[in-house]
Amino acid sequence: MSSAELAAHEAAFLLSAAAVRSRCGVVLAAAERDAAPHFRLDLRLLDEAAGRVASLTRRRFPDLSVPLHSRWRHFSAGGHDRAALVAPGADAAERARAKIDLAIVSVLLDAGAGARWHYREAATDETFSRSEGLAVASLRAMQEGLFSADPNNPWRADAAALGALTETSLSRAFQAGPENPIDGMAGRARLICRLGEVAAASPEYFGRPAQLGRLYDYWLPRRDGLPAPAILETLLYALGPIWPGGMRLAGLPLGDCGRHSSIPGSGLVPFHKLSQWLAYSLVEPLAEAGFRVTGLDGLTGLAEYRNGGLFLDCGVLVPREAGLAQQVLDAKSEPVVEWRALTVALLDRLAVRVRERLGGEAAQLSLGQVLEGGTWLAGREIARERRADAAPPLTVATGGTVF
């Protein structure tokens, strides 16, 4: 096989959930040999993390009827069923398209907002921050027609409106400004504009005129059996070109991918955090529309700062450099890549211990349900215990497109 063919083969592999699990496992194996350059591993404390997650899961879901980890949980912040607001009066197919529209835009806007930003929802007079605030703000922005070029149909995200979005209009919708600063707003606006451009250039996925929710029609022939990893693969190919300054291999954009010295050859480690979060978040709209989505555990845990913070704050991961927590780290730097890779691999091991602690029917919980039960919320809670502002244990500079 030629070098070009090898590169093409690796690029195709990297655009998969299987590659995320495999490459992150290589980094964990290095840590188990005490050969990871940036973090030491103390697996004895994994039980403490599992105990936190199991206790939290039992507290939140006493009957262990745990929903899937997805953006739809954030849309119900404050106990309000905002999903019921989407596309009133539409038929099942059009409602599914509208929910796919909303999920894609909202997830892509769901990078870390920072500790100071908040959103006050006029309809409830309640205030939300972080992921819940971003979710509610994006839903209300769609309700107002920010992402639609059709004034008579606000509940859609079409290429024309997305491509014309400005930082000013997005900031206004998210109530962001000098007194209410949000991290990475310029990066978010550029990402959504690029999303519109890519959708317009990809009628095979998004139709013509392009609408994000037309992915419903793309997947319709597989309605009787659509594997979750296949949803992710579609997203990676369809949305891959939107990512700014991303790596490419054999002409393919690799999206959320970094390099680590533990990986032989190219050193590439994929994460696809937002894309996997999106894949999880599309399961429910598709299921509501009659799709049978299979293979949920083919997706991985999410390489984000709450999951990763849980392992750091519990002492499962210990930085080798004492001052690492005082630095502002680049998202593509090797310490961050290593932290994220270890997070993904450790989530698989943590899930086994959480199920064992919960016992009984918990043996059937998918990884996505363990995440919701939940690892991310346990990471948020322990961050609040450790730091007054509940900030993550490491500070990562992001343009609003990774974390």
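Worth knowing before you read on, the calculation uses all heavy atoms, side chains too, and leaves out hydrogens, waters and symmetry mates. It should be emphasised that the depicted structure is a prediction, and the values quoted were computed from it without experimental measurement.
By the 4.0 Å N-to-carboxylate-O rule, Glu372 lies close enough to Arg60 to be salt-bridged with it. Here Glu94 pairs with Arg97 in a salt bridge; the nearest charged N to carboxylate O distance falls below 4.0 Å. With respect to the salt-bridge test (charged N to carboxylate O, under 4.0 angstrom), the residues Glu32 and Arg349 qualify. At a threshold of 4.0 Å, the pair Asp313-Arg52 does not count as salt-bridged, since none of the basic side-chain nitrogens sits closer than that to a carboxylate oxygen. For Asp158 and Arg156, the salt-bridge test passes: some basic side-chain N is under 4.0 Å from an acidic carboxylate O. In this structure, Asp389 does not pair ionically with Arg387, as no charged nitrogen and carboxylate oxygen lie closer than 4.0 Å. Using a 4.0 Å cut-off between charged nitrogen and carboxylate oxygen, Glu288 and Lys99 count as a salt-bridge pair.
Trp72 places a side-chain N or O within donor-acceptor distance of the main-chain N or O of Ser281, the cut-off being under 3.5 Å. In this structure, His272 contributes its side chain and Leu14 its backbone to a donor-acceptor pair below 3.5 Å. Remark: side-chain polar atoms of Ser22 are not paired, donor with acceptor, to backbone N or O of Ala18 under 3.5 angstrom. In this structure a side-chain-to-backbone donor-acceptor pair under 3.5 Å is present from Ser138 to Leu134. Counting only distance, with no hydrogens or angles, the side chain of Arg190 and the backbone of Glu167 share no donor-acceptor pair below 3.5 Å. No side-chain donor-acceptor contact under 3.5 Å links Arg71 to the backbone of Tyr280. Here the side chain of Arg58 pairs a donor or acceptor atom with the backbone of Leu358 at under 3.5 angstrom. Looking only at distances, a side-chain donor or acceptor of Ser148 sits under 3.5 Å from a matching main-chain atom of Asn153. The closest donor-acceptor contact from the side chain of Thr234 to the backbone of Ala230 lies under 3.5 Å. Side-chain N or O atoms of Ser16 include one that pairs as donor or acceptor with a backbone N or O of Phe13 at under 3.5 Å.
Counting heavy atoms from C-beta outward, Leu342 and Phe311 have side chains that stay 4.5 Å or more apart. Two residues are said to be in side-chain contact when any heavy atoms from C-beta on lie closer than 4.5 Å; Ile382 and Cys314 meet this criterion. Looking only at side-chain heavy atoms (C-beta outward), Trp339 and Leu329 stay at 4.5 Å or farther from each other. Side-chain atoms of Leu28 and Leu41, non-hydrogen and from C-beta on, do get closer than 4.5 Å to each other. Contact of the Glu338 side chain with the Ser261 side chain is not registered, since no non-hydrogen atoms from C-beta on lie closer than 4.5 Å. Looking at Phe291 and Pro285, their side chains never come closer than 4.5 Å, going by heavy atoms from C-beta outward. Contact check for Val337 versus Arg259: no side-chain heavy atoms found under the 4.5 Å cut-off. Looking only at side-chain heavy atoms (C-beta outward), Ile263 and Leu268 stay at 4.5 Å or farther from each other.
For Ala238, the side chain to side chain contact (heavy atoms under 4.5 Å, CB included) partners are Tyr205, Phe206, not counting sequence neighbours. The side-chain hydrogen bond (donor to acceptor under 3.5 Å, both in side chains) search around Arg59 returns Glu381, not counting sequence neighbours. Every salt bridge (Lys or Arg N to Asp or Glu O under 4.0 Å) that Glu121 has, sequence neighbours left out, goes to Arg82, Arg140. Asp34 meets the salt bridge (Lys or Arg N to Asp or Glu O under 4.0 Å) test with Arg320; sequence neighbours excluded.
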Checklist entry - Which is it for Leu195 and Ile104 under the side-chain contact (heavy atoms from CB on, under 4.5 Å) test, yes or no, and what are the steps along the way? => result CA-CA 10 Å; Leu195 173 64; Ile104 293 175; 4.3 Å; yes
Next on the checklist: Could you go through Val336 and Leu394, starting from their C-alpha distance and side-chain angles, then the distance that decides it, and tell me whether this counts as side-chain contact (heavy atoms from CB on, under 4.5 Å)?
Outcome noted: CA-CA 9 Å; Val336 175; Leu394 296 181; 5.9 Å; no
Checklist entry - Run the side-chain contact (heavy atoms from CB on, under 4.5 Å) check on Ser106 and Leu139 step by step: do they pass? => result CA-CA 7 Å; Ser106 187; Leu139 183 145; over 6 Å; no
Checklist entry - What's the verdict on side-chain contact (heavy atoms from CB on, under 4.5 Å) for Ser169 and Arg172, showing C-alpha distance, side-chain angles and the deciding distance? => result CA-CA 5 Å; Ser169 61; Arg172 187 182 305 116; 4.2 Å; yes
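Atom SG of Cys257 sits about 6.5 Å away from atom NZ of Lys332, to the nearest 0.5 Å. With rounding to the nearest 0.5 Å, the separation of CG in Asp110 from CZ in Arg130 is 12.0 Å. Within the model, atoms CG of Leu235 and OG of Ser275 stand 6.0 Å from one another, a figure rounded to the nearest 0.5 Å. Taking CD from Gln326 and OG1 from Thr395, the interatomic distance works out to 8.5 Å, rounded to the nearest 0.5 Å. Here the CD atom belonging to Gln175 is positioned 7.0 Å from the NE2 atom belonging to His118, to the nearest 0.5 angstrom. To the nearest 0.5 Å, the span separating CZ on Phe75 from CD on Glu284 amounts to 10.5 Å.
When all heavy atoms of Leu367 and Arg355 are compared, the closest pair comes out as N-NH2, 3.6 Å. Closest approach of Gly379 to Leu310, counting heavy atoms only: CA-CB, 3.9 Å. When all heavy atoms of Leu239 and Leu278 are compared, the closest pair comes out as CD1-CD2, 3.9 Å. Taking every heavy atom of both residues into account, Leu64 and Ala362 meet most closely at CD1-CB, 3.9 Å. Of all the heavy atoms in Ala12 and Leu252, the pair that sits closest is N-CD1, 4.4 Å. The shortest heavy-atom contact between Arg357 and Ala54 is CB-CB, 3.9 Å.
Ring pair His69/Trp277 is tilted by interplanar angle, where 30° to 60° counts as tilted.
Each of Glu304, Glu132, Glu385 was scored for a salt bridge (charged side-chain N to carboxylate O under 4.0 Å, His left out) with Arg380, with one residue passing: Glu132. If you run side-chain contact (heavy atoms from CB on, under 4.5 Å) between Ile192 and each of Thr166, Leu146, Leu165, Ile242, only Leu165 comes through. Between Val105 and the choices Leu109, Leu108, Leu102, the side-chain contact (heavy atoms from CB on, under 4.5 Å) rule is met once, by Leu109.
Within the structure, salt bridge (Lys or Arg N to Asp or Glu O under 4.0 Å) pairs that include any residue of residues 5-16 comprise Glu10-Arg23 (at least two apart or interchain). Identified under the salt bridge (Lys or Arg N to Asp or Glu O under 4.0 Å) test for residues 221-241, with sequence neighbours left out: none.
Within 6.0 Å of atom CZ in Arg386, more than 12 heavy atoms from other residues, nucleotides or ligands are found, so the atom counts as buried in its surroundings.
In summary, the side chains of Ser366 and Asp297 do not present any donor paired with an acceptor at a separation below 3.5 Å, with no hydrogens or angles considered. Side-chain contact annotation: Asn307 with Thr343, donor-acceptor N/O pair under 3.5 Å absent.
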